[in-house]
Amino acid sequence: MAHIDAGKTTTTERILYYTGKSHKIGEVDDGEAIMDWMEQEQERGITIQSAATTTYWRGFQINIIDTPGHVDFTAEVERSLRVLDGAAAIFDAVRGVEPQTETVWRQAERYHVPCIGYVNKMDRVGADFFQVLTGISEKLGAIPAAIQVPIGRESGFEGVIDLIDWREVRWDGAEGEDLVYSEIAVDRLEFAAEWREKLIDALSAVSDPITELYIAGAGIPAELLRTELRKAALKRALLPVLAGASRRNLGVQPLINAVVDYLPAPDEAAPAIAYNVRKDETVNVPCDPKGAPLGLVFKIQNDREAGSLCYVRMYSGKIEGGTAVYNTGKRKRERVNRILRMHSNKSEPLDALAAGDIGVIIGMKLAQTGDTIGNESFPVVLEKMRFPEPVISVSIEPGTASERDKLNEILEILSKEDPTFTKRENEETGQLIISGMGELHLEVLVTRILKEYKIEARVGAPQVTYRESVSAAVSHSETFSRVIAGKENAAALTLRVEPLPRGSGNRYGSAVRKGEIPEEIFDAAERGVNGALNSGIVLGYPCIDIGVTLTQIDYSEVTGTEAAFEACASICFDEACREASPIQLEPVMLVTIVSPAEFTGNVISLVTQRGGQVISMDSNGADGEIKVNAPMSKMFGFMTALRSESQGRATFTMEFSHFEKKA
């Protein structure tokens with residue numbers, strides 16, 4: 001995981017080569033990287049979809065997911081971190097801790113994923129390993145523990161000093177496959193001793209055995225250092241950091257060793273937390289191949305021949321091909337036709353998926369991202385992933401009326417693959433509206449529709465997706481009565497709607513005692529409210545941050561039906577919200593701009609003209625970093641304006657921050 005262009009795919013390609021998984025190093029710049037298999041990834045030179053693979057090192061099986069670095073594809077990082085036990089955070093030695101590095105670090109923190117750090121591009125002009133360590137502690141709040149320090153920098157970078165095994169390491173051979181070890185040069189001994197002291201000092205703060213030996217002045221064996229560093233890394237107390245230059249084939253093998261040495265095996269990771277539907281309680285699920293089967297569908301990918309490829313991480317038990325599994329959330333059984341292990345876009349068949357494994361199941365028709373699969377005897381649901389709201393929309397129109405159904409089908413497939421991509425039909429104009437995370441995200445998806453699926457379509461200008469909410473608390477009563485097929489359907493209820501703090505989402509609750517009223521009637525009322533929340537109040541935009549409470553319900557056994565209560569709740573919600581001073585909310589983006597110091601004034605002026613508010617300014621050597629909150633509607637075409645103001649030298653990333661009342 002890392003910011004865009006830090007070298008994730010380049011490093012992954014070397015890992016596959018050195019572990020014997022591939023016989024040739026694929027270069028991103030040549031469009032030949034194994035992990036970047038999509039045509040657009042090869043053309044653009046960036047990773048768009050996270051690609052999974054499995055390799056072996058020192059007798060251990062390692063499942064790797066190479067994630068995108070661009071903020072528009074943050075959902076791919078989110079779902080990968082949700083199911084993996086450890087992460088390698090890659091830092092650019094020149095740029096240090098970049099904006100998207102902070103974002104992925106926060107995602108890893110949320111899922112308590114232990115990490116190791118790798119400072120890449122040590123051969124580039126301006127590379128500074130020690131400046132990166134400072135950035136890690138200041139910006140990420142982590143405690144870096146350098147287990148290597150570089151020998152030389154920029155064009156003079158030739159190897160590393162291994163502070164644990166106390167030796168110098170260099171690389172030889174046509175592809176850097178041979179490691180050459182030597183004693184630490186006399187003129188570097190003092191420098192190496194200083195950094196080993198810092199490593200032991202950091203470790204002694206979290207390890208009693210190290211402290212005791214340190215105080216006694218005794219030598220600390222390398223094996224003990226490794227053991228205690230592993231314990232600290234698993235608790236996220238320390239971040240072991242290595243150095244290298246992957247493009248020049250320097251530093252990758254020690255990184256693979258560090259994955260084995262300092263990241264957890266599935267049975268060492270914290271037990272998965274699940275919710276038992278039957279017992280209404282939270283349970284811990286340890287990683288046990290002999291336990292009840294339990295897996296999480298974290299990604300869906302469509303294959304033209306095989307249909308839906310469901311990427312599954314197994315947390316417990318075993319699933320075999322040719323058997324049936326139970327989708328706990330959907331309460332449906334599904335058939336597992338085949339199981340595959342993926343190597344980017346290629347696959348090999350497997351007989352079974354066991355606890356700790358990642359693989360693909362073919363045959364499940366209903367599964368969606370975030371679904372839990374297992375069996376009926378152990379009905380638990382794993383925590384779902386949280387995906388950001390889509391904030392930018394474009395209209396898309398098929399070239400001919402006959403292609404409309406085909407386009408709808410393709411949009412359905414794409415929205416199943418990508419949870420941050422949505423489609424809807426504008427009832428007033430009849431237009432198909434697609435929404436995503438940013439201009440690049442939609443550009444990539446539209447290109448796939450046109451090129452990959454060969455649909456001729458016209459695409460409209462980008463539009464911002466607004467939201468609606470209320471600004472006052474109101475109670476409203478509604479009655480509903482209609483004769484359908486000769487039978488009277490009647491319902492009456494009272495709802496209270498109130499505004500909630502921004503970012504807290506919608507909340508539905510009932511203050512009515514269930515008693516004589518059937519459960520289905522309450523479910524129907526909730527369905528009616530949820531449907532109305534999605535269809536908006538005045539302008540038809542989805543509602544957010546509204547609290548809805550069912551305060552009264554009048555039910556008759558003779559005329560009360562589910563359909564009546566669903567319709568009544570929907571009408572009641574609409575009327576209550578219209579009385580509760582509805583407001584329109586617009587998406588506000590967190591924009592991080594990195595610009596040479598001499599253009600900082602121009603850049604700030606440019607942003608404030610677009611309604612932006614500067615939150616912070618930070619200097620990183622020759623470059624300044626400016627963080628700004630700006631309305632999404634004013635940020636279209638910002639890249640062109642920024643380039644002209646900074647002679648093409650400033651860059652920016654933009655991610656959704658929050659919704660705010662439209663000015």
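Judged by distance alone, with hydrogens and angles left aside, the side-chain atoms of Glu13 form a donor-acceptor pair with the main-chain N or O of Ile34 at under 3.5 Å. Not one N or O on the side chain of Glu158 forms a donor-acceptor pair closer than 3.5 Å with the backbone of Gly152. Arg236 places no side-chain N or O within donor-acceptor distance of the main-chain N or O of Cys115, the cut-off being under 3.5 Å. With hydrogens and angles ignored, the 3.5 Å screen pairs a side-chain donor or acceptor of Glu76 with a backbone N or O of Ser50. Using modelled atom types, no side-chain atom of Arg82 and backbone atom of Met385 make a donor-acceptor pair closer than 3.5 Å. At least one donor-acceptor pair under 3.5 Å links the side chain of Asn120 to the backbone N or O of Ala6. Counting only distance, with no hydrogens or angles, the side chain of Thr101 and the backbone of Val97 share no donor-acceptor pair below 3.5 Å. No donor-acceptor distance shorter than 3.5 angstrom exists from the side chain of Thr55 to the backbone of Ile62, with no hydrogens or angles considered. At distances below 3.5 Å, at least one donor-acceptor pair connects side-chain atoms of Ser137 with backbone N or O atoms of Thr134. Within the 3.5 Å criterion, the main-chain N or O of Ser246 finds no donor-acceptor partner in the side chain of Thr11.
Taking CG of Asp85 as the start and CG of Asn63 as the end, the distance is 9.0 Å to the nearest 0.5 Å. Remark: Lys8 NZ to Ile46 CD1 distance equals 10.0 Å, nearest 0.5 Å. For the atom pair CD1 (Ile626) and OG1 (Thr592), the distance works out to 10.0 Å, reported to the nearest 0.5 Å. Expressed to the nearest 0.5 Å, how far OG1 of Thr369 lies from CD of Glu417 amounts to 9.0 Å. Note that the CG atom of Leu229 and the OG atom of Ser207 stand 9.5 Å from one another [nearest 0.5 Å]. Residue Ser22 holds its OG atom at 11.0 Å from CD1 of Ile15, rounded to the nearest 0.5 Å.
A salt bridge links Lys198 with Glu194: the distance from a Lys NZ or Arg NE/NH1/NH2 to an Asp or Glu carboxylate oxygen falls below 4.0 Å. Ion pair Glu109/Arg106 not flagged as a salt bridge, since none of the NZ, NE, NH1 or NH2 atoms sits closer than 4.0 Å to an Asp/Glu carboxylate oxygen. Residues Asp418 and Arg79 are not paired through a salt bridge, judged by the lack of any N-O separation under 4.0 Å between the basic side chain and the carboxylate. Between Asp92 and Arg124 there is no salt bridge, since none of the side-chain N atoms of the basic residue sits less than 4.0 Å from a carboxylate O of the acidic one. Glu154 has no carboxylate O lying under 4.0 Å from a charged side-chain N of Lys121, or vice versa, which leaves the two without a salt bridge. Looking at Glu383 and Arg110, no side-chain N of the basic residue comes within less than 4.0 Å of a carboxylate O on the acidic one, giving no salt bridge.
Side chains of Val591 and Val607 form no contact here, defined as non-hydrogen atoms less than 4.5 Å apart. The shortest distance between side-chain heavy atoms of Phe130 and Pro150 falls below 4.5 Å. Using a 4.5 Å cut-off on side-chain heavy atoms (C-beta onward), Leu225 and Ile147 make no contact. Looking only at side-chain heavy atoms (C-beta outward), Ser182 and Arg170 come within less than 4.5 Å of each other. Side-chain contact check for Lys139 versus Asp618: some heavy-atom pair is nearer than 4.5 Å. In this structure the side chain of Tyr17 reaches within 4.5 angstrom of the side chain of Glu175, judged on heavy atoms. In this structure, Trp171 and Gln253 have side chains that are in contact, with non-hydrogen atoms separated by less than 4.5 Å. Gln301 places none of its side-chain heavy atoms less than 4.5 Å from the side chain of Met342.
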For this session: Apply the test side-chain contact (heavy atoms from CB on, under 4.5 Å) to residues Gln100 and Thr103: give CA-CA distance (whole Å), side-chain angles for both, the deciding distance (0.1 Å), then the verdict.
Result: CA-CA 5 Å; Gln100 187 63 7; Thr103 305; 3.5 Å; yes

For this session: Let me see the working for Ile161 and Trp195 under side-chain contact (heavy atoms from CB on, under 4.5 Å), right down to the final yes or no.
Result: CA-CA 10 Å; Ile161 298 172; Trp195 278 94; over 6 Å; no

For this session: Take Ser646 and Ser595 through the side-chain hydrogen bond (donor to acceptor under 3.5 Å, both in side chains) test and state the conclusion after the steps.
Result: CA-CA 7 Å; Ser646 64; Ser595 162; 5.7 Å; no

Exercise. Does the side-chain contact (heavy atoms from CB on, under 4.5 Å) test come out yes or no for Arg95 and His3, once each step is laid out?
Worked result: CA-CA 10 Å; Arg95 293 186 172 273; His3 188 90; over 6 Å; no

Exercise. Between Tyr214 and Glu197, is a side-chain hydrogen bond (donor to acceptor under 3.5 Å, both in side chains) present by the stated rule, with each step listed?
Worked result: CA-CA 10 Å; Tyr214 184 55; Glu197 188 81 9; 2.7 Å; yes

For this session: Might you work through the side-chain contact (heavy atoms from CB on, under 4.5 Å) test for Ile65 and Phe298, ending with a clear yes or no?
Result: CA-CA 12 Å; Ile65 297 185; Phe298 68 93; 3.9 Å; yes

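Put simply, the residue from Arg226, Arg230, Arg58 that forms a side chain to side chain donor-acceptor pair (under 3.5 Å) with Asp261 is Arg58.
Taking a 6.0 Å sphere around CD of Glu27, one finds it holds more than 12 heavy atoms contributed by other residues, nucleotides or ligands. Atom CG of Leu189 has more than 12 heavy atoms from other residues, nucleotides or ligands within 6.0 Å. Enclosure of atom CD in Glu348 by more than 12 non-hydrogen atoms of other residues, nucleotides or ligands within 6.0 angstrom is indicated.
Contact detail for Ala232 and Val206: the closest heavy-atom pair is CB-CG2, 3.8 Å. The nearest pair of heavy atoms linking Leu242 to Ala258 is CD1-CB, 3.8 Å. Here the shortest heavy-atom pairing between Leu81 and Ala108 reads CD1-N, 3.7 Å. Between Ser344 and Tyr311 the shortest heavy-atom distance is O-OH, 4.4 Å. Nearest heavy atom pair, residue Ala51 against residue Met35, reads O-CE, 3.2 Å. The nearest pair of heavy atoms linking Ser657 to Asn629 is OG-OD1, 4.0 Å.
Cation-pi check for Arg313 over Tyr315 is met; the charged atom lies under 6.0 angstrom from the ring centroid and within 45 degrees of its normal.
Taking the six-membered ring for Trp and the full ring otherwise, Phe91 and Trp105 have centroids separated by 6.0 Å or more.
Under 3.5 Å, the side chains of Asp288 and Ser316 contain no donor-acceptor pair of N or O atoms. A side-chain donor from one of Thr9 and Thr47 sits under 3.5 Å from a side-chain acceptor of the other.
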